[in-house]
Every structure is written in structure tokens, then in C-alpha cells.
Amino acid sequence: MNKLLLITSCLITILINSTYLNAQVGVNTTSIDPSAVLEVTSTDKGILIPRVALISSDNVVTPITNPAAGLFVFNTATSNTPSSNSVSPGYYYFNGIRWKRIFNNGFTLEFKQTAELMGLVSSQALPVPGLDTGRFTVPFKGTYQISVTCYYTAGDPINNSDAACQGDFRLYQVEDDNSRTFLEMAYSMSESKFIPQRPGEFNNLGNQFTLIHNIDLEANTSYQFLVAGSQWLCHNTNVSYFGKDTSNYEGSNGITEGQYGELTISLVEQK
């Protein structure tokens with residue numbers, strides 16, 4: 001009899017465990033969606049996930065040892081030393097190698113060129129009007145992408161032949177003491193085509209150039225960036241333009257900024 005009870009008890013336990021392993025769980029609901037293993041229903045409450053104090057994004061020992069890929073937590077800590085592995089309060093998941101913050105904020109600054117800049121042969125890079133951010137404060141720690149689009153145009157030919165120029169656009173970070181730190185450069189070239197069929201006329205053929213630079217910035221810290229143009233060498237013309245006034249171009253209908261550049265700073269990954 002005792003053996004029969006023991007066998008019956010074991011069968012019941014197996015059945016219960018099997019049912020549990022394959023069951024769906026519903027909280028405040030009995031109508032669980034077939035695609036869900038867990039469904040929580042409430043009109044005035046949320047789900048509070050575990051709150052932990054992560055040490056760094058590459059720490060897989062403290063406070064959670066060997067976290068499973070896909071583990072989801074809310075981090076309450078802020079790293080004392082800024083680095084590529086530092087963390088700040090927010091939602092994180094473990095991707096199998098490191099803790100990754102879930103991006104939940106946006107930030108974009110846009111600047112447009114305000115006037116043409118005439119280039120001269122010199123070693124000095126001249127700031128492009130309007131493409132200086134001035135001092136601004138970053139609200140979120142993360143990786144920001146700085147995108148610059150500019151136009152470079154050769155000046156009027158001296159003689160009745162084509163003219164050509166070479167130069168570059170440079171992206172600088174302006175330090176607190178107003179010194180510049182070089183970040184990125186885009187080589188540029190352009191030509192002015194002489195038109196034999198129309199004596200005394202020519203086309204200033206401006207070319208578009210783009211440079212992209214990613215940079216890690218710290219929250220609640222002020223920064224400043226600017227774009228400058230440097231003319232290298234010109235043939236059959238004395239000047240070039242880093243963004244040319246297009247109001248006198250044939251067919252422009254008075255549009256001035258057809259060859260004016262732009263500078264955009266956007267948050268691409270919050271950390």
C-alpha cells in the first residue's frame with residue numbers, strides 16, 4: 001500500500017511539473033494571448049524590473065555573475081571615471097558580451113552657413129560663417145555623429161581658359177582656451193569652365209563634399225565645434241569659395257544659399 005501511494009504521488013508530481021513547464025502565466029487576466037508565455041494586465045500599474053548597480057558595461061562579475069544573454073535590468077549607478085565602459089542610470093540588457101544601454105533619448109543640433117567664404121592661399125584654415133556651434137551643453141552621455149556638408153568653388157578665371165583650385169574642409173573641436181583640436185578633414189577641388197561660345201562668360205562649378213565624425217561626449221559638459229576651409233593651390237584664378245553666393249548664377253532666381261554648407265550633430269547611441 002505504501003508503495004502504491006508512493007508511485008501515485010510521483011505520477012502526480014510529474015504531471016504537475018509537466019503542466020507547469022508548458023503553461024502560460026497570466027497576472028490579472030485569464031485570457032492569455034496564445035503567443036505569450038507571460039501576460040500582465042493593469043490599467044494603473046506597471047512592471048518593476050530588478051534594480052541593480054552596474055559597475056561598468058564590461059563587468060560580468062559584479063553585481064551579477066555571468067549574466068545570460070538577453071538579461072534585462074534597470075541600472076541605478078553612475079560610473080565615477082568617464083570611459084567607453086562607464087554606465088549611467090537607465091535600462092540595460094546583456095548582449096552576451098557586455099551590458100548595452102537601451103537608447104531612449106534623442107538630441108540634434110543643426111547649423112547652416114550664413115555667408116560665402118572667400119579662400120586665399122595661406123596655411124590658415126578660415127572658419128566658415130555659421131558653421132560654428134558656439135558653446136553648448138550635452139544632455140546625454142553617448143556617441144554623437146557630426147555630419148558636415150560643404151561646397152567648394154573655384155573663382156573667376158584670369159585668362160580665357162579654365163581655372164581650377166584645391167583645398168580642404170576641416171572639423172575642429174574648440175577647447176575652453178579657444179585653441180583648436182583637429183578632428184576630421186575632407187579634400188576638395190573645383191574648376192571654373194571657360195565658355196568659348198560666349199566670350200567673357202564661364203561657369204563656377206562648385207563641388208559638394210561631406211565628412212562624418214563620431215565622437216563620445218559626456219553629459220552636462222559643454223562643447224564647441226567649428227568648420228574651417230583652407231585653400232591650397234589655384235590655377236588661373238586668385239581665389240576660391242567655401243560656399244559661394246549663388247544669387248548671380250543664371251537661373252538661380254535670386255537664391256543665395258545654393259552652395260552653402262550645413263553642420264549637424266546628432267546622438268546616435270546613448271551610454
Side-chain angles (χ1 to χ4, degrees), residues 1-110 136-147 212 214-221 223 264-271:
M1 184 67 179
N2 290 337
K3 290 183 178 179
L4 180 60
L5 288 175
L6 179 61
I7 294 173
T8 302
S9 176
C10 289
L11 288 174
I12 293 174
T13 300
I14 293 172
L15 288 173
I16 291 175
N17 287 338
S18 177
T19 302
Y20 172 76
L21 290 173
N22 292 282
Q24 295 173 293
V25 177
V27 178
N28 291 334
T29 181
T30 57
S31 301
I32 306 171
D33 189 279
S35 65
V37 68
L38 170 65
E39 182 172 342
V40 181
T41 301
S42 177
T43 59
D44 59 356
K45 293 179 176 61
I47 297 175
L48 188 60
I49 69 167
R51 290 155 288 181
V52 301
L54 297 177
I55 302 300
S56 65
S57 61
D58 63 345
N59 188 298
V60 295
V61 177
T62 307
I64 302 174
T65 303
N66 297 324
L71 195 65
F72 183 53
V73 299
F74 182 87
N75 171 51
T76 60
T78 299
S79 297
N80 294 326
T81 304
S83 71
S84 60
N85 295 318
S86 61
V87 294
S88 59
Y91 290 102
Y92 284 75
Y93 71 94
F94 192 73
N95 68 355
I97 299 176
R98 62 190 299 109
W99 292 101
K100 298 284 290 185
R101 186 185 176 105
I102 295 179
F103 179 80
N104 58 4
N105 288 297
F107 178 80
T108 299
L109 291 176
E110 295 181 340
F136 69 93
T137 300
V138 172
F140 311 113
K141 172 185 171 62
T143 300
Y144 290 74
Q145 185 172 94
I146 304 176
S147 174
I212 302 293
N214 291 336
I215 187 171
D216 288 336
L217 303 180
E218 295 293 330
N220 303 317
T221 304
Y223 297 92
T264 302
I265 302 175
S266 300
L267 175 64
V268 294
E269 183 182 6
Q270 187 176 349
K271 296 182 178 180

Practice problem: Please check if atom CD1 in Ile49 has more than 12 non-hydrogen atoms from other residues, nucleotides or ligands closer than 6.0 Å. | Solution: yes
Self-check item: Within 6.0 angstrom of Arg51 CZ, more than 12 heavy atoms from elsewhere
Solution: no
Nearest 0.5 Å please: distance from the [atom1] atom of [X] over to the [atom2] atom of [Y].
| X | Y | atom1 | atom2 | value |
| --- | --- | --- | --- | --- |
| Leu217 | Leu267 | CG | CG | 9.0 Å |
| Asp216 | Lys141 | CG | NZ | 6.5 Å |
| Asn214 | Tyr144 | CG | OH | 12.5 Å |
| Thr78 | Leu54 | OG1 | CG | 10.5 Å |

Closest non-hydrogen atom pair between [X] and [Y], with its separation:
| X | Y | result |
| --- | --- | --- |
| Pro89 | Thr76 | CG-O, 3.9 Å |
| Asp33 | Glu39 | N-OE1, 2.8 Å |
| Asp58 | Ser56 | OD1-OG, 2.6 Å |
| Ala219 | Pro139 | CB-O, 3.8 Å |
| Asn59 | Thr62 | OD1-N, 2.7 Å |
| Thr137 | Phe107 | O-CZ, 4.4 Å |

Taking the side chain as everything from C-beta on, heavy atoms only, tell me whether [X] gets closer than 4.5 Å to [Y].
| X | Y | answer |
| --- | --- | --- |
| Thr221 | Val138 | no |
| Val73 | Trp99 | yes |
| Ile265 | Phe136 | yes |
| Thr264 | Thr108 | yes |

Practice problem: Check the pair Arg98, Asn85 against side-chain contact (heavy atoms from CB on, under 4.5 Å), reporting the backbone distance first and the verdict last. | Solution: CA-CA 9 Å; Arg98 62 190 299 109; Asn85 295 318; 2.5 Å; yes
Practice problem: Carefully, step by step, assess Gln145 and Ile212 under the rule side-chain contact (heavy atoms from CB on, under 4.5 Å). | Solution: CA-CA 7 Å; Gln145 185 172 94; Ile212 302 293; 3.7 Å; yes
Practice problem: Look at the side chain of Ser79 and the backbone N and O of Val87, then say whether any donor-acceptor pair between them is shorter than 3.5 Å. | Solution: yes
Quiz item: Just checking, any donor-acceptor pair under 3.5 angstrom between side chains of Ser57 and Arg101?
Solution: no
Exercise. May I ask you to decide if the ring planes of Tyr91 and Phe72 are parallel, tilted or perpendicular, using 30° and 60° as cut-offs?
Key: parallel
Practice problem: Kindly write out the residues that satisfy side-chain contact (heavy atoms from CB on, under 4.5 Å) with Ala77, not counting sequence neighbours, or none if the list is empty. | Solution: Ala53, Asn75
